[in-house]
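Shown next, in structure tokens, is the structure this report addresses.
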Amino acid sequence: MLTAASKILNKSALATTTRAMPLFLSTFPSPTAAAPTVPPLRPPPSQNPGPHLRLPPPPRRALSFIAAAEPAGAPFRTPGRTMESLATSAAAAASAKVTYLSQRDAAEIDKQLMGPLGFSVDQLMELAGLSVAAAVVEVYKLSEHTRVLIICGPGNNGGDGLVAARHLYHFGYKPSVCYPKRTAKPLYSGLVTQLEALAIPFLPVEDLPQDLSGQFDIVIDAMFGFSFHGTPRPPFDDLIQRLLLLSVIGDSVKRLPIVSVDIPSGWHVEEGDINGGGIKPDMLVSLTAPKLCAKKFNGPHHFLGGRFVPPPILRKYGLELPPYPGTSMCVRVGKAPSVDISSLRENYISPELTENQVMPCPFNQFHRWFNEAVTAGLREPNAMALTTVNKAGKPSSRMVLLKGVDKHGFVWYTNYGSQKAHDLSENSNAALLFYWNEMNRQVRVEGSVQKVSLEESEKYFHSRPRGSQLGAIVSKQSTVIAGRDILQQAYKELEQKYSDGSFIPKPDYWGGYRLTPNLFEFWQGQQSRLHDRLQYKQREVDGGTVWHIERLSP
């Protein structure tokens with residue numbers, strides 16, 4: 001993707017379109033006997049699975065998590081972005097103005113990045129390749145677009161493609177590379193060596209099928225960047241023609257998607273597809289800032305990468321770029337295409353869940369799955385849907401956070417004046433649902449609910465941050481208020497009252513509940529909707545109660 005400026009410096013430069021990728025772990029321990037005591041909620045030791053033994057990447061979601069239990073001491077945390085920041089920045093990005101660069105300005109920016117701003121060529125190329133791979137993951141699900149062909153040109157754009165191939169491999173895809181005109185420079189030779197060490201196949205042009213759609217699910221066009229001039233020479237002229245055929249023939253929904261890196265190969269960097277007969281990619285990954293030709297891009301997916309652009313560049317060139325969500329380094333330009341809701345579906349890829357794999361005790365099985373969710377870095381794995389029913393039989397659901405689990409049940413805390421508390425006072429039966437989308441798993445728990453002891457509520461209340469303690473006092477949950485400013489004013493008054501660090505008493509209307517289970521269901525998504533569902537129910541045996549496992553039809 002790098003420019004004429006790279007020739008001046010005898011280097012290549014590039015920009016980035018990266019999304020910080022989640023950690024994909026596949027942690028499925030072998031069956032073990034039930035432990036005599038239920039283990040505490042804590043993350044197990046990290047594991048290092050092979051690159052193709054992992055779960056599908058999450059769709060359009062960054063990952064972070066907060067551990068469920070909060071025993072004495074600081075709660076377990078890892079960095080992550082909040083849903084509020086995601087929603088805010090996504091909305092801002094959709095409406096933001098975007099600067100489009102001329103070829104000259106793009107070259108000058110590269111020159112600045114690789115000169116006084118201190119970026120190295122290999123650093124920028126690494127960021128760009130990762131960005132391309134991440135943008136692919138944003139749109140093209142691993143379960144449906146596993147086989148990826150990356151066509152690499154001899155220059156910097158081709159180097160971006162080589163890096164993208166490596167990252168796609170580690171994300172679980174099966175990349176193949178067509179690299180007809182290899183560059184002898186050490187940087188490129190090293191990238192090739194890295195791919196060969198992963199056994200990623202390099203395909204000669206003559207071995208590519210005429211119809212690429214039979215062997216691949218995605219094609220990445222990394223042939224020519226914005227510094228390319230002239231007419232493509234063999235074999236790239238033929239390769240561009242093959243991509244052209246893919247982009248104009250066949251059902252637009254089912255045809256092989258084309259992803260172009262920074263500039264669709266064969267396009268003029270400023271005027272675009274001059275003759276109207278060029279590649280029509282489904283996705284364009286612009287780097288640093290979109291080039292002028294991107295205004296002519298009519299495909300459904302346009303992403304921008306290059307969050308590394310420093311303020312001096314923004315000021316000097318008057319760049320207006322959309323805000324990047326959370327920790328991501330790629331952002332969609334413009335609004336996402338409209339979607340037919342009825343067509344949304346996921347063909348889950350998961351290990352089978354069989355009766356001889358799960359633990360005899362459902363609490364131990366829950367701890368196993370919960371710990372795997374924590375290890376995988378899922379955002380708030382302790383989030384659970386709580387469903388209550390009032391005396392009139394009207395159900396109500398909301399998300400709450402699990403704050404403890406042991407052999408006696410599942411614990412959460414709330415305001416005793418809330419709707420859920422009112423429902424539970426009339427009907428003590430309730431249900432919990434944990435949904436770990438990135439692992440294709442859910443756990444249902446049903447049982448009866450009672451308040452936890454005053455001592456237990458007091459202990460947990462004073463383990464919370466002082467701000468959360470004040471918030472619990474201020475909020476009369478589920479009551480109607482005149483506006484948010486009422487809450488903020490009450491909070492400020494309390495904050496001032498306890499500004500000396502004095503003890504904050506737990507309000508009488510706040511405390512915990514414990515659901516004692518009489519049913520568990522562990523659900524593992526599988527292909528073709530043939531999901532695994534294992535249910536634990538209690539049975540009376542010899543005067544005692546035991547858990548019985550049975551399989552349910554999906």
Side-chain angles (χ1 to χ4, degrees), residues 28-41 68-69 348 350-373 381-391 393 395-400 402-412 420 423-424 426-437 439-452 512-526 529-554:
F28 300 96
S30 58
T32 58
T37 59
V38 177
L41 276 177
Y348 303 107
S350 311
E352 289 184 352
L353 182 67
T354 60
E355 289 84 342
N356 62 355
Q357 290 176 333
V358 296
M359 306 182 81
C361 173
F363 288 100
N364 289 336
Q365 180 63 31
F366 177 83
H367 275 278
R368 172 187 283 181
W369 272 22
F370 182 85
N371 288 342
E372 289 172 1
N382 58 325
M384 58 186 186
L386 166 65
T387 299
T388 56
V389 180
N390 65 15
K391 63 181 180 182
S396 177
S397 297
R398 76 288 290 159
M399 300 301 296
V400 298
L402 176 70
K403 291 300 177 181
V405 57
D406 57 23
K407 62 182 179 181
H408 301 294
F410 293 74
V411 176
W412 68 93
K420 52 186 170 291
D423 288 353
L424 290 170
E426 297 180 343
N427 184 345
S428 64
N429 294 308
L432 305 175
L433 173 64
F434 296 85
Y435 180 51
W436 298 313
N437 175 67
M439 304 183 78
N440 303 333
R441 289 176 173 176
Q442 59 179 307
V443 180
R444 293 197 311 110
V445 186
E446 296 178 3
S448 60
V449 180
Q450 302 81 32
K451 290 182 179 179
V452 304
Y513 285 101
R514 176 178 285 105
L515 182 145
T516 302
N518 53 40
L519 181 146
F520 286 79
E521 182 189 321
F522 293 86
W523 180 96
Q524 179 78 67
Q526 298 294 354
R529 293 299 184 264
L530 299 179
H531 311 309
D532 289 318
R533 297 177 61 190
L534 296 184
Q535 180 176 269
Y536 291 73
K537 295 184 71 174
Q538 291 181 324
R539 285 187 177 180
E540 297 291 332
V541 177
D542 298 330
T545 302
V546 298
W547 289 101
H548 174 72
I549 303 174
E550 53 193 10
R551 176 172 290 272
L552 301 179
S553 172

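Values in this document were obtained by computation on a predicted structure and should not be read as measured data.
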If you look only at pairs with a residue in residues 426-436, which of them pass as a salt bridge (charged side-chain N to carboxylate O under 4.0 Å, His left out), with sequence neighbours excluded?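 Qualifying pairs: none.
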
Selection residues 351-365 - residue pairs positive for salt bridge (charged side-chain N to carboxylate O under 4.0 Å, His left out), sequence neighbours left out: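 Salt bridge (charged side-chain N to carboxylate O under 4.0 Å, His left out) check on residues 351-365 returns E355-R551.
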
Side chain of [X], backbone of [Y]: donor and acceptor closer than 3.5 Å?
X	Y	result
R533	S553	yes
S396	T388	no
W547	P360	no
N427	D423	no
H548	Q538	no

Please state whether the rings of W436 and W369 are parallel, tilted or perpendicular, taking 30° and 60° as the class boundaries. perpendicular

Take atom CZ of R529 as the centre, draw a 6.0 Å sphere, and report whether it contains more than 12 heavy atoms from other residues, nucleotides or ligands.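 Yes, the 6.0 Å shell around CZ holds more than 12 heavy atoms from other groups.
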
Which atom names give the shortest non-hydrogen contact between [X] and [Y], and what distance separates them?
X	Y	result
A430	L515	O-CD1, 3.6 Å
S397	T387	OG-OG1, 2.7 Å
Q450	T516	OE1-OG1, 3.6 Å
S350	G525	OG-O, 2.7 Å
A373	P381	CB-CB, 4.0 Å
M359	R368	CG-NH2, 3.6 Å

Rounded to the nearest 0.5 Å, what separates atom [atom1] in [X] from atom [atom2] in [Y]?
X	Y	atom1	atom2	value
H408	F363	NE2	CZ	9.0 Å
Q526	H531	CD	NE2	8.5 Å
Y348	N437	OH	CG	6.5 Å
H367	E372	NE2	CD	13.0 Å
N440	Y435	CG	OH	7.5 Å
N364	K407	CG	NZ	11.0 Å

Could you check, using the six-membered ring where one of them is a Trp, whether F434 and F370 have ring centers closer than 6.0 angstrom? no

Measure from the ring center of Y536 to the ring center of F522 and say whether it is less than 6.0 Å.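 Centroid distance Y536-F522: below 6.0 Å, so yes.
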
Identify, with sequence neighbours excluded, every residue that meets side chain to side chain donor-acceptor pair (under 3.5 Å) alongside [X].
X	value
N518	none
S428	none
T545	E540

If we check side-chain contact (heavy atoms from CB on, under 4.5 Å) with L386, which of these qualifies: L432, L433, V449?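 Running side-chain contact (heavy atoms from CB on, under 4.5 Å) over L432, L433, V449 with L386 returns exactly one hit, L432.
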
Verdict with reasoning, F520 to V445, per side-chain contact (heavy atoms from CB on, under 4.5 Å): CA-CA 5 Å; F520 286 79; V445 186; 3.9 Å; yes

Looking at residues at least two apart in the chain, or sitting in another chain, which of them share a salt bridge (charged side-chain N to carboxylate O under 4.0 Å, His left out) with R444?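 Partners of R444 under the salt bridge (charged side-chain N to carboxylate O under 4.0 Å, His left out) test: E446, E521.
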
Run the numbers on K451 and Y513 for side-chain contact (heavy atoms from CB on, under 4.5 Å), then give the verdict. CA-CA 4 Å; K451 290 182 179 179; Y513 285 101; 3.7 Å; yes

